[in-house]
Asker: 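Here it is, the structure, as structure tokens.
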Number of protein chains: 2
Amino acid sequence: MRKVRTVTITDVARHAGVAVSTVSYVLSGKRAISATTRQRVLDSVRILGYHPNAGARALASKRANVIALVLPLRAGMNLPVLMQFATSVVATARRYDHDVLLMTADEGPEGLKRVAASALVDGLLLMDVEVRDPRVPLLRELGEPSVLIGFPADAEGLTCVDLDFARAGALCAEYLASGGHREIALLGAPRVVYARGTGFAERTLAGFTAAAVGLKAVAVPCEETYDEVAETVKLLFDEHPGLTGLVVHNEAAVGHVLAALRALGRSVPEDVSVVAICPDDVAERASPALTSVLIPAEEVGHQAVRLLMAKLDGLPADSMLLEPRLTIRESTR
Amino acid sequence: MRKVRTVTITDVARHAGVAVSTVSYVLSGKRAISATTRQRVLDSVRILGYHPNAGARALASKRANVIALVLPLRAGMNLPVLMQFATSVVATARRYDHDVLLMTADEGPEGLKRVAASALVDGLLLMDVEVRDPRVPLLRELGEPSVLIGFPADAEGLTCVDLDFARAGALCAEYLASGGHREIALLGAPRVVYARGTGFAERTLAGFTAAAVGLKAVAVPCEETYDEVAETVKLLFDEHPGLTGLVVHNEAAVGHVLAALRALGRSVPEDVSVVAICPDDVAERASPALTSVLIPAEEVGHQAVRLLMAKLDGLPADSMLLEPRLTIRESTR
DNA sequence: GGCAGGGGTCGAAGCGCTTCGATTCATTAC
DNA sequence: GTAATGAATCGAAGCGCTTCGACCCCTGCC
């Protein structure tokens, strides 16, 4: 438990018999250093167990090597996806030699201003951006390098990354159509999500609707308690007895939907085919295993970090939509 | 987008007509400053929009005002609880004027060593600590202030916080017993969790078993796919036809358990009472709403930060177990 | 043989902050 | 009236690192 004196760059320089600046250049690679000197310095670093002091480095270089990950943490979020995303952000950031500061939106715009102004972080990653997100105007004003997950209404001049939800919705409809289904339905997010204008929900719906021309297609919002789901599903089949294809874009409800179908005596996939838009593990855990469109959280996180790093290096970084991928399992025919 | 020159403490000092050190003392409160001077400085801070440079502050004060939150992010974790926990940690840390660096265990012990040695963080918060956690020995050697969520086998000299799972298990058994149930069962975590020795699972089991003396009580592990859950439940009732009380300590499976009971034609709570150990929102979302023992993630996060802050101030910080709380809803009688 | 050029290294000047005396001035004690 | 006390403030020395310009010496070239 004794507090060991920390090893500084001066210690390394002394041990290797070189100047402090030489050690710095070896470590940063910003100037040519002879192979022998480099090796000597590297050995000393290893032997002494040297780790550069983050504060000093940040102060001198004006780069903290830290990015902020701003999670919304509001109700109705898709936790597993969020978590996958966060994991992938941390892992990718480390690959770029950066760490991740976790922020919640609770602190509000002030929080963003604070971390930016205090140079605690070099850039911002905002998750789960809404169509009219209050953070967006601030972001513009801040002029801090940033990448958004999700597309706000006006994405001009911003860098955004997201799954192409319109394509995902379309993919589901097309797949069901190709299977011969003539009457299909989309069970979407809870009402509150549409009301908030989260974007991804509307875009899925739009894609679904557009791709379903020529079919009978309906879409209904879907709450997340078992009872409400069961009610919604029952109503749906009451009003559309000919329904044979179901798209579920609500991870929390997908299990309930299957249970409700079971309770109604409709078997999957014999009576009705079900496609879910959700992570693979959820789809695989269901019974029957669900044909699903993957939300590529990991890929989104990876790309978001990559783009942010590009921006930090002063490179251009364009927004991008990631292609959804349909995996056929046992819930459709 | 133009990069505005950042406001430094020197700017504030000049604007307020005082020395740099005076500004520092106003902000830290470490020396007496007259009310008039303080006010003048505070006004300048506000007018200029000054935020201390984090790197410089860390360098000079040897305190980064950042703590690391180390999430395991392995399979079979309880995401919602984790998330609640993380949220509460961030919020509480902010109240102590600290930020939170997010780390995953992927980087391994090296990662802990790195952030500690580089003074990126002042202390560590390790989540989901296992009975024999490889991070624990390292932690001892590191001598970095830390708080663990969960209890390792040898907690000597460490500060740990957790829900009192033994008490939670006991509470469930006692409650069912008091309701007149004579034959009860515990559906626990997946096998892999017991195999890993995560501690909380065993402790719940131990508490349950100890409190169930005089009753017929069995405990079985429980996987998380619907099919396996249904199988497990069916088997359970085949072997124990007299079973009337069920404790479910597996958040991912709890919905499946209810569905399986429905499928078996056993109604809740008429035929069988169900108590879950899970967060309130999961319990409320089920049908019928579940009588449950709360995992007080928020409180755990709060206490963990509080203890860590105490340690950072050189104060003693004892391990603590938090009392579970039983909420009676509609799934028991 | 002298000089330009460049690879390799060094020294020193900060980066923006905290903190430790030192200093000033007004009180209080004797 | 003077010395001691204490409250309020200042000045300067770092904290550990990066980076700029200077320097040295070895090559290659005229």
Side-chain angles (χ1 to χ4, degrees), chain A residues 3-42 44-45 48-66 97 114-120 122, chain B residues 3-42 44-45 48-66 97 114-120 122:
Chain A
K3 198 69 190 176
V4 281
R5 203 182 78 78
T6 64
V7 180
T8 75
I9 197 172
T10 310
D11 300 327
V12 175
R14 189 176 316 121
H15 187 271
V18 298
V20 163
S21 53
T22 302
V23 176
S24 178
Y25 286 124
V26 166
L27 262 20
S28 72
K30 296 196 177 174
R31 279 198 186 175
I33 296 287
S34 69
T36 62
T37 305
R38 141 172 294 110
Q39 197 49 58
R40 206 141 35 85
V41 169
L42 259 19
S44 299
V45 165
L48 299 179
Y50 169 68
H51 289 269
N53 178 294
R57 191 204 276 266
L59 180 57
S61 69
K62 313 207 158 302
R63 288 279 243 118
N65 274 235
V66 176
D97 195 30
R114 182 177 61 82
V115 294
S118 66
L120 229 190
D122 303 321
Chain B
K3 198 70 191 175
V4 283
R5 202 183 77 78
T6 63
V7 180
T8 73
I9 197 173
T10 310
D11 301 327
V12 175
R14 189 175 318 118
H15 187 273
V18 298
V20 163
S21 52
T22 302
V23 176
S24 178
Y25 285 125
V26 166
L27 263 21
S28 71
K30 295 195 178 175
R31 279 200 187 174
I33 297 287
S34 69
T36 63
T37 304
R38 141 171 294 109
Q39 197 49 57
R40 204 140 37 85
V41 169
L42 257 19
S44 299
V45 165
L48 300 179
Y50 168 69
H51 288 272
N53 178 294
R57 191 206 276 269
L59 180 56
S61 69
K62 312 207 158 305
R63 288 278 243 118
N65 273 236
V66 176
D97 195 30
R114 182 177 61 82
V115 294
S118 66
L120 230 189
D122 303 321

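Letters go in sequence order (proteins before strands), and every chain restarts at 1.
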Asker: Using a heavy-atom cut-off of under 4.0 Å over every strand shown, decide if Thr37(B) touches base, sugar-phosphate, or nothing.
Answerer: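 Touches sugar-phosphate only.
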Asker: Give the rounded distance in Å between these two atoms: NZ of Lys30(A) and P of dC10(C).
Answerer: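 Answer to the nearest Å: 19 Å.
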Asker: For dG11(C), does the base pair up with any side-chain atom of Ser21(A) as donor and acceptor (N or O, under 3.5 Å, distance only)?
Answerer: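 In this structure, the two groups form a donor-acceptor pair.
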Asker: Looking at Ser24(B), I'd like to know whether one of its side-chain N or O atoms comes within less than 4.0 Å of OP1 or OP2 on dT18(C).
Answerer: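 The answer is yes; a side-chain N or O of Ser24(B) sits under 4.0 Å from OP1 or OP2.
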Asker: In this structure, how many angstroms lie between the P atom of dG14(C) and the NZ atom of Lys62(A), rounded?
Answerer: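 That distance rounds to 13 Å.
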Asker: For residues 20-29 of chain B, which residue pairs pass the side-chain hydrogen bond (donor to acceptor under 3.5 Å, both in side chains) check, not counting sequence neighbours?
Answerer: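 Applying side-chain hydrogen bond (donor to acceptor under 3.5 Å, both in side chains) to every pair that reaches into residues 20-29 of chain B, excluding sequence neighbours, yields nothing.
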Asker: Indicate, with a heavy-atom threshold strictly under 4.0 Å, whether Val18(A) touches base, sugar-phosphate, or nothing.
Answerer: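 Sugar-phosphate: the residue Val18(A), judged by heavy atoms under 4.0 Å, touches backbone atoms but no base.
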Asker: Tell me the interatomic distance from Arg57(B), atom CZ, to dG16(C), atom P, rounded to whole angstroms.
Answerer: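 Result: 15 Å.
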Asker: Considering only side-chain heavy atoms of Pro52(B), which listed nucleotide, dC15(C), dC17(C), dT18(D), is closest?
Answerer: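 In terms of side-chain proximity for Pro52(B), the closest of dC15(C), dC17(C), dT18(D) is dC17(C).
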Asker: Which heavy atom in Asp11(A) sits nearest to a heavy atom in Val7(A), and how many Å separate them?
Answerer: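 Residues Asp11(A) and Val7(A), closest heavy atoms: OD2-CA, 3.5 Å.
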Asker: Can you find a donor-acceptor pair, distance only, under 3.5 Å between Arg31(A) side chain and dG21(D) base?
Answerer: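 Answer yes: a donor N or O sits under 3.5 Å from an acceptor.
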Asker: Given dT9(D), dG16(D), dT18(C), identify the nucleotide with an atom nearest to the side chain of Ala56(A).
Answerer: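 Closest nucleotide among those given: dG16(D).
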Asker: Quick one: list whatever passes side chain to side chain donor-acceptor pair (under 3.5 Å) with His51(A), sequence neighbours left out.
Answerer: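 With neighbours one apart ignored, the set is empty.
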Asker: Check the distance between dC15(C)'s P and Leu120(A)'s CG and give it to me in whole angstrom.
Answerer: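 Between P of dC15(C) and CG of Leu120(A): 20 Å.
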Asker: Can you measure Ile9(B) atom CD1 to dA12(D) atom P for me and round it to whole angstrom units?
Answerer: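 For the pair Ile9(B) CD1 and dA12(D) P, the rounded distance is 16 Å.
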Asker: Quick check: any donor-acceptor pair below 3.5 Å linking the side-chain of Tyr25(A) to the base of dC20(D)?
Answerer: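 Checked by distance alone, the answer is yes.
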Asker: Just compare dG16(C), dT9(D), dT9(C) and give me whichever is closest to any side-chain atom of Leu59(B).
Answerer: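 Among dG16(C), dT9(D), dT9(C), the one nearest the side chain of Leu59(B) is dG16(C).
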Asker: Taking all non-hydrogen atoms of both residues into account, name the closest pair between Val23(A) and Ala13(A) and its distance.
Answerer: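 Closest approach of Val23(A) to Ala13(A): CG2-CA, 3.7 Å.
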Asker: Nearest whole angstrom, please: distance from the P of dG14(C) to the CG of Asn53(B).
Answerer: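 Atom-to-atom, Asn53(B) to dG14(C), this comes out as 18 Å.
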Asker: In whole angstroms, how far is the P atom of dA8(D) from the CD atom of Gln39(B)?
Answerer: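 Spelled out: CD on Gln39(B) to P on dA8(D) is 15 Å.
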Asker: Rounded to the nearest 0.5 Å, what separates atom CG in Leu42(A) from atom CG in Leu27(A)?
Answerer: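 Separation between the atoms: 7.0 Å.
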Asker: Rounding to a whole Å, what distance do you find between Leu27(B):CG and dT19(C):C1'?
Answerer: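 About 15 Å, once rounded to whole Å.
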